[in-house]
Amino acid sequence: MTHVKVRFAPSPTGSLHIGGVRTALFNWLWARHERGTFILRIEDTDRDRSTDEAIQIILDGMKWVGLNWDEGPYRQTDRIGLYRDRAMQLLERGKAYWCVCSADELEMRRKEAQAKGLTPKYDGRCRDRGITQPTGDAALRFIAPQEGHTVVEDLIKGTVTFDNAVLDDLIILRSNGYPTYNFSVVVDDALMGITHVIRGDDHLNNTPRQIPIFQALGHPIPRFGHLSMIMGADKAKLSKRHGATSVLAYKEMGYLPEALINYLVRLGWSHGDQEIFSLQEMIDHFSFDHVQKSAAVFNPDKLLWMNAQYIKQSEPARIAALLLPFLDQVGVGDAARKAPDGWLAKLVTLFQERARTLVEMAQAAVPYLQEPIEMDADAAVKLLTSAIAPALEKLAERFQAAPDFSHAPLEEVFKQVIEEEGLKMGQLAQPVRLAVTGRTASPGLFEVIELLGRDRTLARLRKGIARAKRGNA
RNA sequence: GUCCCCAUCGUCUAGCCUGGCCUAGGACGCUGGCCUUUCAAGCCAGCAACACGGGUUCAAAUCCCGUUGGGGACGCCA
C-alpha cells in the first residue's frame with residue numbers, strides 16, 4: 001500500500017479561479033480519502049507574470065474554502081538550483097542539448113508553419129550541432145523520443161495513446177536560466193514523490209512530453225488523472241469573460257464556502273442521486289470511478305440554490321457573525337453590533353429560509369436595524385388608509401397593554417382585534433406589516449414584531465396610524 | 001491545419017465497464033397546484049434528453065465502426 005501524495009500547483013499569475021479550486025478540491029479529496037498527503041506548490045517560474053500578490057490571493061482563497069494543505073506552500077523559484085542541477089545532469093547524459101535559436105526566430109518559423117497548414121513543431125536544427133559551451137543566449141532542450149508510442153493509463157480518461165512523432169524537443173531551461181513548466185513540474189513531482197497527478201484536461205497533451213522526462217531522470221512515473229474543464233454558459237473554457245471566476249469574489253457575493261465546495265464537487269463527480277454532501281461524506285465516497293469525463297457548464301442558479309440550502313442548515317449564530325460585514329455594506333452594521341446578545345442570531349433565523357446569499361440577507365435585514373425605516377410609498381397609499389386607521393389604533397392599544405410581547409400571545413391579541421372589527425387576517429396584517437417594516441413582504445408578522453420589541457413596534461405603528469389618518473378613505 | 005479528449009432533459013447528472021430490471025431516474029431552473037397574514041421555505045404535479053448513421057445481438061442509452069458537433073492543446077506561459 002503506497003502512501004498517496006498529491007499536489008495542487010497553481011501559477012500565481014492571477015486570481016484563484018473556480019476551475020482551480022475544483023482541481024484543488026479533487027486532489028484534496030483524494031488525499032483525504034486515502035489518508036495521504038496534499039501538497040501546495042506555487043509554480044512561479046514565469047518571472048514576468050508571477051506576483052507575490054497573486055500568491056497571497058491563492059493562499060487566502062484556499063483558506064477560505066477550507067482546503068488545508070499538509071506540505072508547502074513550496075515556491076519553485078526557491079528551488080531553481082534543483083532544476084538547473086537536473087537539467088545539467090540530462091545534458092551530461094546526452095538527453096538534452098543547447099539550442100541557440102532565438103525566440104524571435106522560433107516565433108517566425110512557427111507562424112510560417114501554421115500559415116502553410118503544417119504542425120508547428122521545433123525542427124530540431126540544433127539537435128546535432130553539439131554545442132557544448134554556448135557563448136550567447138542559449139536554451140536547453142530535452143531530446144524527445146520520436147519513435148513509437150506513449151500510452152497513458154489515465155485515472156479518468158482511460159487509456160490514451162500518443163504517437164511520439166508529434167513530440168518535439170521542448171525547452172527545459174530558458175536562456176535566462178529559469179526552468180520551463182514542463183520541466184519544473186516533472187522535477188518537483190519526481191522529487192516530492194507525487195503518486196497521483198490530478199490536473200486539468202488542458203494538460204493531457206503535456207503528459208506524453210513529461211513521461212520521457214521522468215524516465216530520463218530515472219524516476220518512476222506517477223499515475224495521471226485529467227479532470228474535464230469547467231465551461232461558461234457559452235461552452236468555452238471558464239475565464240474572466242464569464243464574470244465572477246475568482247473564489248474570493250464568491251465570498252464577497254455572500255456565498256458560504258461549503259456551498260461553493262459542494263456545488264463544485266458535483267460538477268463532474270457524483271454519488272448516485274445525492275446532491276448535498278458533508279465534507280466527510282465527500283471524503284468517504286470520493287473515487288475516480290465516478291468522475292465525469294466530459295466538460296461541465298457552470299450553472300450559477302444551482303450554486304445559488306446550493307447556497308440557500310447551506311444558509312438554511314447553518315447555525316444562526318455563525319451566520320450572524322458572517323453577516324456583519326455585509327450589514328456594514330448596507331449601512332446597518334453598527335446598529336447590529338449595538339443590539340443585545342443573540343438578537344442578530346434571532347433575526348437570522350427569520351431570514352434563513354428567505355435569503356439565498358448573505359448579501360440578500362443583509363438587504364432584507366435593513367428595516368429591522370435602520371431608524372427611521374424607508375416606507376414603500378405606493379403600498380402606503382393602498383394599505384394605510386383612513387378606513388383601516390381605527391383597527392390599527394385598537395391594535396396598538398392592545399399591543400401596548402400586552403403582558404407578554406412574544407409572537408404567540410401577540411397573534412392571539414391580533415386575532416381578537418380582527419374578529420371584533422370584522423376583518424380578515426390579510427386586511428389588517430398587510431397594513432401592519434407595512435407600518436412596521438415599510439415593506440409588503442417580510443417574515444411572519446408576529447415574529448417580526450417580537451423581534452422589533454414593544455417600543456419600536458408601537459412607534460412604527462403610531463407613525464403608520466398617523467399616515468393612515470392623513471390618507472384617503 | 002495537426003494531435004488529444006468528449007457526447008443522456010436548457011444546465012448538473014444516474015444508468016454505460018458487467019447489454020434485458022429504462023415506459024431512461026434524480027437535481028437546478030421553468031410552469032401549475034397545495035399550504036398561507038405577505039414573501040419565502042416546504043409538499044405535489046407537469047414540461048423536458050439517450051447527437052446522427054451503420055453494424056454486433058433474440059435484445060443496444062449501454063458493445064464496435066463511421067459521421068457530425070463541442071472542447072482542449074500545439075510558447076524560452078502554466
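Proteins come first, then strands; the chains are lettered A, B, ... in the order of their sequence lines, and each starts at number 1.
- Per the geometry, CZ belonging to A/R41 stands 12 Å off P belonging to B/A78, to the nearest Å.
- Residues passing the ring pair (Phe, Tyr, Trp, His ring centres under 6.0 Å) test with A/Y83, sequence neighbours excluded: none.
- Taking the P atom of each, B/A61 and B/G20 are spaced 10 Å apart, rounded to whole Å.
- Rounded to the nearest Å, the gap between the C1' atom of B/A49 and that of B/A14 is 13 Å.
- Atom CZ in A/R47 sits about 12 Å away from atom P in B/A78, given to the nearest Å.
- When the C1' atom is compared between B/A27 and B/C9, the two are found 12 Å apart, to the nearest whole Å.
- Across all strands, A/L204 comes closer than 4.0 Å only to sugar-phosphate atoms, never to a base (heavy-atom distances).
- Residues A/F288 and A/H196 keep their aromatic ring centres 6.0 Å or farther apart.
- Of the candidate nucleotides B/C6, B/G42, B/U37, B/U37 has the atom lying nearest to any side-chain atom of A/Q430.
- A/L304 comes within contact range of no nucleotide atom at all, as no heavy-atom separation falls under 4.0 Å.
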Letter by letter from the 5' end, nucleotides 61-73 of chain B scores (B base, S sugar-phosphate only, - none; protein heavy atoms under 4.0 Å) ----------SBS
List, one per line, each side-chain donor-acceptor pair under 3.5 Å for residues 304-311 of chain A, sequence neighbours excluded.
unit_1	atom_1	unit_2	atom_2	d
A/N307	OD1	A/L256	N	2.8
A/N307	ND2	A/G254	O	3.2
A/N307	ND2	A/R356	O	2.7
A/Y310	OH	A/N262	OD1	2.5
A/Y310	OH	A/F277	O	2.9

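- The nucleotide B/C16 finds no pairing partner, because no Watson-Crick or G-U wobble arrangement with both distances shorter than 3.5 Å includes it.
- Here the separation of B/U31 from B/G15, taken at their P atoms, is 31 Å to the nearest Å.
- Checking B/G75, B/C5, B/A41 against every side-chain atom of A/R110, the shortest atom distance belongs to B/G75.
- A salt bridge is absent between A/E450 and A/R456: the closest approach of a Lys/Arg side-chain nitrogen to an acidic carboxylate oxygen does not fall below 4.0 angstrom.
- A salt bridge links A/R209 with A/D168: the closest approach of a Lys/Arg side-chain nitrogen to an acidic carboxylate oxygen falls below 4.0 angstrom.
- In this structure, A/Y74 has no ring pair (Phe, Tyr, Trp, His ring centres under 6.0 Å) partners at least two apart in sequence or on a different chain.
- Between the CD1 atom of A/I311 and the C1' atom of B/A40 there is a distance of 13 Å, rounded to whole Å.
- When each of A/D163 and A/A355 is assigned the nucleotide of RNA chain B with its nearest heavy atom, A/D163 is the one assigned upstream, toward the 5' end.
- If you check every strand for non-hydrogen atoms under 4.0 Å, A/G200 touches nothing.
- Minimum atom distance to the side chain of A/N182 is reached by B/A78, of the listed B/U11, B/C39, B/A78.
- Contacts of A/L267 with the nucleic acid, taken as non-hydrogen atoms under 4.0 Å apart, involve only primed sugar atoms and P, OP1 or OP2.
- Taking a pair to require two hydrogen-bonding distances under 3.5 Å in either a Watson-Crick or a G-U wobble arrangement, B/C9 remains unpaired.
- At least one side-chain nitrogen or oxygen of A/T45 sits closer than 4.0 Å to the OP1 or OP2 atom of B/A78.
- Between B/C21 and B/C44, the two P atoms lie 27 Å apart (nearest whole Å).
- Pairing for B/A51 is with B/U67, a Watson-Crick or G-U wobble pair whose two hydrogen-bonding atom distances lie under 3.5 Å.
- Applying the salt bridge (Lys or Arg N to Asp or Glu O under 4.0 Å) test to residues at least two apart or on different chains, the pairs with a partner in residues 138-160 of chain A are A/K157-A/D201.
- Within the structure, every side-chain polar atom (N or O) of A/R439 is placed at least 4.0 Å from both OP1 and OP2 of B/U38.
- Contact annotation for A/P443: base contact, defined as any heavy-atom pair under 4.0 Å involving a base atom.
- Straight-line distance between the C1' atoms of B/G10 and B/C47: roughly 12 Å, to the nearest whole Å.
- Regarding A/R49, its CZ atom lies at a distance of 8 Å from the P atom of B/A78, rounded to whole Å.
- With a 3.5 Å ceiling on both atom-pair distances, the Watson-Crick or G-U wobble partner of B/C74 is B/G1.
- Of the candidates B/C76, B/A78, B/C6, B/C6 carries the atom nearest the A/S294 side chain, counting heavy atoms from C-beta on.
- Here the separation of B/G25 from B/C63, taken at their C1' atoms, is 23 Å to the nearest Å.
- Taking both residues in full, the closest heavy atoms of A/I373 and A/P367 are given as CG2-O, 3.4 Å, listed atom of the first, atom of the second, then distance.
- With respect to the salt-bridge test (charged N to carboxylate O, under 4.0 angstrom), the residues A/E275 and A/K302 qualify.
- Defined by atom type and a distance below 3.5 Å, a donor-acceptor pair is missing between the side-chain atoms of A/S50 and A/R75.
- Between B/C64 and B/C16, the distance separating the two C1' atoms is 14 Å to the nearest Å.
- With distances taken from any side-chain atom of A/Y181 to the nucleotides B/C12, B/A78, B/U37, the minimum falls on B/A78.
- In this structure B/U62 sits in no base pair that meets the Watson-Crick or G-U test at under 3.5 Å.
- Nearer the 5' end of RNA chain B, as judged by each residue's closest nucleotide, is the contact made by A/T440, out of A/D44 and A/T440.
- What separates CD of A/E112 from C1' of B/G75 is a distance of 17 Å, to the nearest Å.
- Counting non-hydrogen atoms under 4.0 angstrom, A/A103 reaches a base of the nucleic acid.
- Contact annotation for A/T161: backbone-only contact, meaning every heavy-atom pair under 4.0 Å involves sugar-phosphate atoms and none involves a base.
- With rounding to the nearest 0.5 angstrom, the OH atom of A/Y255 is 6.5 Å from the OG1 atom of A/T357.
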Scoring nucleotides 14-28 of chain B by protein non-hydrogen atoms under 4.0 Å (B base, S sugar-phosphate only, - none) yields SS---------BBBB
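- The pair A/K415-A/E419 fails the salt-bridge criterion, with no side-chain N (NZ, NE, NH1 or NH2) lying under 4.0 Å from an Asp/Glu carboxylate O.
- Looking at heavy-atom distances under 4.0 Å, A/C101 makes contact with a base.
- The side chain of A/F162 has B/C3 as its nearest neighbour among B/C3, B/C6, B/U37.
- Comparing atom distances between the A/T119 side chain and each of B/G1, B/A7, B/A78 picks out B/G1 as nearest.
- Distance CG (A/L383) to P (B/U37): 16 Å, rounded to an integer number of Å.
- Pairing for B/C34 is with B/G42, a Watson-Crick or G-U wobble pair whose two hydrogen-bonding atom distances lie under 3.5 Å.
- Residue contacts for A/K121: at a heavy-atom cut-off of 4.0 Å it reaches no nucleic acid atom on any strand shown.
- Note: CG (A/N164) to C1' (B/C4) measures 14 Å, nearest angstrom.
- In this structure, A/R7 does not pair ionically with A/D188, as no charged nitrogen and carboxylate oxygen lie closer than 4.0 Å.
- To the nearest angstrom, C1' of B/C5 lies 12 Å from CD1 of A/I156.
- Checked by distance alone, A/T180 brings no side-chain donor or acceptor within 3.5 Å of a matching partner on the base of B/C76.
- Neither side chain, A/R79 nor A/Q76, offers a donor N or O lying under 3.5 Å from an acceptor on the other.
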